[in-house]
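One-based numbering along the sequence shown.
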Amino acid sequence: QVVFPYIGPLLSWTDDAQPGTGVVVTFETSMPCRGTVEYGPTAKLGLSALGDEADYVHHVTLTGLTPDSDVHYRVLDNVGHASEVLRFHTPAPAGSGPMRFVVLADAQDSGGGSESWPTLAASLDAEHTDLTMVVFTGDLAAADETGDWWTFFDGGRALFTRQPLLPAVGNHDHGYG
């Protein structure tokens, strides 16, 4: 069975995709392609954005979103795979109300089976549906190795499809751990 997307999607912000009016949707596919995100204010979607390059990892920027509103979306590759329709809520304009976020550090999940990161991420996703973002202060992965990053992103899959991730680099994330 093909798992699609391979990793992700996860949400984040950049200078081009500011909180409230934009988001970057990142996901990985099992083959190089130009990733696409279909999105809209309802599950009927209606809009689409195409990734810039054919690759395995896709960073698709959505802009022009309405602050303090739901956005429904799904990710696609160019050979017919599509994720389920997911939803996130854009933050209200800066200064117009409270923001709820969680601050985490040191997940360092190596995939050995005894780690608590997937359980914590699932709990946060289920119990705190009103978060604006997830701030991670470093040491997301056990080591700066592809498998450890896959383990981290897969363990937080449900959480990161609905809450943007704001990460800081820790020593384990940068190859110094």
Practice task
Please answer whether the main-chain N or O of A17 pairs with a side-chain N or O of T14 as donor and acceptor at a distance below 3.5 Å.
Solution key: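 Present.
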Practice task
Sequence neighbours left out, what passes salt bridge (charged side-chain N to carboxylate O under 4.0 Å, His left out) with R87? Give chain and number order.
Solution key: D70
Practice task
Take W13 and L166 through the test side chain to side chain contact (heavy atoms under 4.5 Å, CB included) and record every step on the way to the result.
Solution key: CA-CA 8 Å; W13 293 309; L166 273 68; 3.3 Å; yes
Fill in the blank from the handout: Given the options M99, H89, R100, D130 meets side-chain contact (heavy atoms from CB on, under 4.5 Å) only with R100
Handout entry: Passing candidate, side-chain contact (heavy atoms from CB on, under 4.5 Å) with Y39, options V75, V60, V71
Key =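 Only one of V75, V60, V71 forms a side-chain contact (heavy atoms from CB on, under 4.5 Å) with Y39, namely V71.
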Just how far is it from atom [atom1] of [X] to atom [atom2] of [Y], taken to the nearest 0.5 Å?
| X | Y | atom1 | atom2 | value |
| --- | --- | --- | --- | --- |
| S83 | D77 | OG | CG | 10.5 Å |
| L62 | L47 | CG | CG | 9.0 Å |
| T161 | L86 | OG1 | CG | 5.0 Å |
| D68 | T90 | CG | OG1 | 6.5 Å |
| D16 | T21 | CG | OG1 | 10.5 Å |
| R74 | T36 | CZ | OG1 | 10.0 Å |

Completion exercise
Under a side-chain separation threshold of 4.5 Å, the hydrophobic residues clustered together with V79 are M31
Practice task
Would you please indicate yes or no on a ring centroid separation below 6.0 angstrom for W117 and F136?
Solution key: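 Ring-ring flag for F136/W117: true, centres closer than 6.0 Å.
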Handout entry: Ring geometry between F153 and F160 (parallel below 30°, tilted from 30 to 60°, perpendicular above 60°)
Key =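 Plane angle over 60°, so perpendicular.
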Problem - Aromatic ring pairing F27/H58, orientation class (parallel under 30°, perpendicular over 60°, tilted between) - result: tilted
Problem - Step-by-step side chain to side chain contact (heavy atoms under 4.5 Å, CB included) determination, L45 to H72 - result: CA-CA 6 Å; L45 308 176; H72 298 261; 3.9 Å; yes
Practice task
Side-chain contact test, heavy atoms from C-beta onward, threshold under 4.5 Å: evaluate it for L76 versus H81 and give yes or no.
Solution key: no
Handout entry: CA sep, side-chain torsions, deciding dist, call: L124, L104, side chain to side chain contact (heavy atoms under 4.5 Å, CB included)
Key = CA-CA 11 Å; L124 287 169; L104 303 169; 3.9 Å; yes
Practice task
Could you state whether V24 and L11 fall into the same hydrophobic cluster, counting links through intermediate Ile, Leu, Val, Met, Phe, Trp or Tyr residues with side-chain heavy atoms under 4.5 angstrom apart?
Solution key: no
